[in-house]
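Atoms within a ligand are numbered from 1 in the order they appear, just like the ligands themselves. Predicted model only: the values in this text are computed from it and were never measured.
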Amino acid sequence: MKRVFSGVQPTGNIHIGNYLGALKQFVELQDENECIYCIVDLHSITVPQDPKELRKHILDVAALYMAVGVDPKKSIIFVQSDVSGHAELSWILTCNSYTGELSRMTQFKDKSKGRESAPTGLFTYPILMAADILLYDTDIVPVGNDQKQHIELCRDIAIRINNTVKKDTFVVPDGRFLKAGARIMALDDPMSKMSKSAENVHSRISLLDEDNKIKKSIMRATTDSDGEIKFDFENKPGVSNLLNIYSAFSGKSIEDIVAAFSGCGYGDFKKELVGIVQEALTPIKKNFDEIRQSQELLDTLRSGAERAGAIAEKTMKRVKGNFGLGF
Ligand code: ATP
Ligand code: LTN
């Protein structure tokens with residue numbers, strides 16, 4: 001059985017990009033593997049958060065994991081800051097990483113924008129992510145395409161320590177990326193990725209959006225003036241993104257969808273897409289409402305932290321021992 005680990009930041013409500021890129025995989029993987037899914041709250045404080053909002057978002061994300069089908073009987077669900085090993089291992093990895101490799105991370109460059117006042121946590125963010133993964137001897141990390149560079153860095157650090165400190169200190173993980181949903185773009189700007197923290201709410205569809213909001217966001221999504229429905233990301237990024245979303249939710253291939261809409265206008269295509277997305281999100285919203293209010297949610301997070309903590313403790317003992325740390 002392989003070990004799977006992944007996480008989502010509690011920076012807002014999960015959108016269809018997070019779902020199609022990552023969460024769909026969480027559910028697929030849980031029958032055949034030992035899965036650990038984390039709400040990475042320590043990552044979210046790399047930018048300022050309101051404590052009350054943060055608490056709410058942590059519980060929302062946990063409930064959304066379960067609402068899309070992550071089953072706490074099969075998978076461990078827990079909150080990162082409940083297991084101290086993440087921060088502890090992060091320091092050990094920090095001492096074995098290079099400022100040069102961190103400076104090359106595109107997410108850091110995008111989010112810091114070269115500011116002197118960029119939080120140091122934004123710079124060291126990928127090290128904490130590597131600690132999350134390595135702490136559980138993870139084999140597989142299901143994520144969206146935007147995390148490829150971070151996974152590569154995690155592998156580099158693990159291999160470096162295995163080579164310089166002690167062989168087999170860490171399991172070297174592999175990323176797992178889906179074809180159809182790996183990179184869903186913003187609806188208002190198909191050149192940037194859909195994101196929880198973008199200002200325009202119509203740039204994304206949250207899993208909890210009402211039917212009306214879903215309709216508005218899709219109907220006003222940026223397309224182009226040539227009027228033909230075909231997949232060509234370079235010249236028609238808006239339409240191609242909508243085709244991707246259609247394909248990921250319906251399970252139909254892009255070719256089949258393009259053939260079915262041949263000769264139709266963008267309006268007809270968008271209307272169909274609205275229906276497909278609304279239908280997919282309706283049961284998720286219903287599940288969420290039930291789970292979010294239940295005692296089961298807190299019980300799941302408490303027992304998840306205990307189970308994750310036990311695995312983490314074993315790894316930390318081994319890693320510290322290999323470094324000559326601790327008694
Ligand atoms: P933020 O806007 O706060 O940076 P985010 O929307 O990028 O957040 P994360 O919590 O950083 O979301 O990502 C959670 C998971 O969703 C990761 O596996 C990430 O790769 C995936 N993901 C995020 N955005 C997209 C996207 N637009 N398309 C596909 N997968 C995505
Ligand atoms: N950086 C990731 C979230 C994340 C993560 C992880 C994903 C933090 N730790 C460990 C997989 C494994 C992101 O999506 N922005």
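Which parts of ligand 2 touch I133 is read off a 4.0 Å heavy-atom cut-off, strictly below it: atoms 10 (C), 12 (C). When each atom of ligand 2 is checked for a heavy atom of H43 under 4.0 Å away, the hits are 8 (C), 9 (N). Short contacts between ligand 2 and S6, defined as distances under 4.0 Å to a heavy atom of the residue, involve ligand atoms 7 (C), 11 (C), 12 (C). Within ligand 1, the atoms closer than 4.0 Å to a non-hydrogen atom of A182 are 28 (N), 29 (C), 30 (N), numbered from 1 in the order shown. Which parts of ligand 1 touch A22 is read off a 4.0 Å heavy-atom cut-off, strictly below it: atoms 15 (C), 16 (O), 18 (O). Atoms of ligand 1 lying under 4.0 Å from any heavy atom of Q147, numbered from 1 in the order shown and given with element: 20 (O). Atoms of ligand 1 found under 4.0 Å from any heavy atom of G21 (numbered from 1 in listed order, with element): 29 (C), 30 (N). Less than 4.0 angstrom separates some heavy atom of Q9 from each of these atoms of ligand 2: 15 (N). Residue-ligand proximity, K193 to ligand 1, at heavy-atom distances under 4.0 Å covers atoms 5 (P), 7 (O), 23 (C), 24 (N), 27 (N). Below 4.0 Å from some heavy atom of V143 lie the following atoms of ligand 2, by number and element: 7 (C), 11 (C). Atoms of ligand 2 lying under 4.0 Å from any heavy atom of V40, numbered from 1 in the order shown and given with element: 8 (C), 9 (N).
Between the side chains of Q30 and S75, a donor-acceptor pair is found at a separation under 3.5 Å. Of the N and O atoms on the side chains of D188 and T222, not one donor lies less than 3.5 Å from an acceptor on the other residue. Donor-acceptor pairing under 3.5 Å is lacking for the side chains of Q107 and D146. Side-chain atoms of T11 and K196 include a donor-acceptor pair closer than 3.5 Å. With hydrogens and angles left out, the side-chain atoms of D299 and Q295 include a donor and acceptor closer than 3.5 Å. Donor-acceptor pairing under 3.5 Å is lacking for the side chains of Y266 and E228. Side-chain contact, H57 with D60: no donor N or O sits under 3.5 Å from an acceptor N or O. The closest side-chain donor-acceptor pair between N244 and N241, if any, does not fall under 3.5 angstrom.
The CG atom of L29 sits 14.0 Å away from atom CZ of R3, with the distance rounded to the nearest 0.5 Å.
Of the protein's non-hydrogen atoms, the one nearest atom 15 (N) of ligand 2 is Y125 OH, 2.8 Å. Scanning the protein heavy atoms around atom 11 (O) of ligand 1, the nearest turns out to be Q9 NE2, 3.1 Å. At the top of the distance list for atom 9 (N) of ligand 2, counting protein heavy atoms only, stands D132 OD2, 2.6 Å. The protein heavy atom nearest to atom 10 (C) of ligand 2 is F5 CE2, 3.6 Å. Closest protein heavy atom to atom 22 (N) of ligand 1: N18 ND2, 3.6 Å. Nearest protein heavy-atom neighbour of atom 3 (C) of ligand 2: G7 O, 3.7 Å.
If you look at K111 next to ligand 1, the close heavy atoms, those under 4.0 Å, all belong to the side chain. Only the side chain of D146 comes within contact range of ligand 1, with a heavy atom under 4.0 Å; no backbone atom does. Contacts of R183 with ligand 1, taken as heavy-atom pairs under 4.0 Å, involve the backbone alone. Contact annotation for T11 and ligand 1: only side-chain heavy atoms (C-beta onward) come within less than 4.0 Å of the ligand. With a 4.0 Å heavy-atom cut-off, ligand 2 is reached by the side chain of V141 but not by its N, CA, C or O. With a 4.0 Å heavy-atom cut-off, ligand 1 is reached by the backbone of S197 and by its side chain too. Neither the backbone nor the side chain of M185 has any atom closer than 4.0 Å to an atom of ligand 1 (non-hydrogen atoms only).
The cationic atom of R160 (NZ for Lys, CZ for Arg) lies less than 6.0 Å from the six-membered ring centre of Y98 and within 45° of the ring axis. With F231 as the aromatic partner, K236 does not meet the cation-pi criteria of under 6.0 angstrom to the ring centre and within 45 degrees of the ring axis.
Between V143 and ligand 1, no N or O atom pair is found at a separation short of 3.5 Å. Here's the thing with V8: none of its N/O atoms is less than 3.5 angstrom from an N/O atom of ligand 1. At under 3.5 Å, a nitrogen or oxygen of I184, whether backbone or side chain, sits near a nitrogen or oxygen of ligand 1. Here's the thing with K196: one of its N/O atoms is less than 3.5 angstrom from an N/O atom of ligand 1. Considering backbone and side-chain atoms together, Q107 places no N or O closer than 3.5 Å to any N or O of ligand 2.
At least one heavy atom of H15 sits less than 4.0 Å from an atom of ligand 1.
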Verify ring pair (Phe, Tyr, Trp, His ring centres under 6.0 Å) between Y136 and H86, making sure each step is shown before the conclusion. CA-CA 10 Å; Y136 297 95; H86 294 256; 5.5 Å; yes

Full working for salt bridge (Lys or Arg N to Asp or Glu O under 4.0 Å) between R302 and D82: CA-CA 9 Å; R302 285 203 188 102; D82 280 341; over 6 Å; no

For F269 and Y246, what are the C-alpha separation, side-chain angles and deciding distance, and is it a ring pair (Phe, Tyr, Trp, His ring centres under 6.0 Å)? CA-CA 10 Å; F269 170 60; Y246 196 118; 5.6 Å; yes

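Between F26 and the options V70, V68, V4, I77, a side-chain contact (heavy atoms from CB on, under 4.5 Å) holds for only V70. Here the rule is side-chain contact (heavy atoms from CB on, under 4.5 Å) with K270, and of R220, M219, K215 only M219 fits it.
Around atom NZ of K285, more than 12 heavy atoms belonging to other residues, nucleotides or ligands sit under 6.0 Å away.
R176 has a carboxylate O that lies under 4.0 Å from a charged side-chain N of E28, or vice versa, which qualifies the two as a salt bridge.
Of all the listed residues (S195, P142, G17, A198), S195 holds the heavy atom that lies closest to atom 2 (O) of ligand 1.
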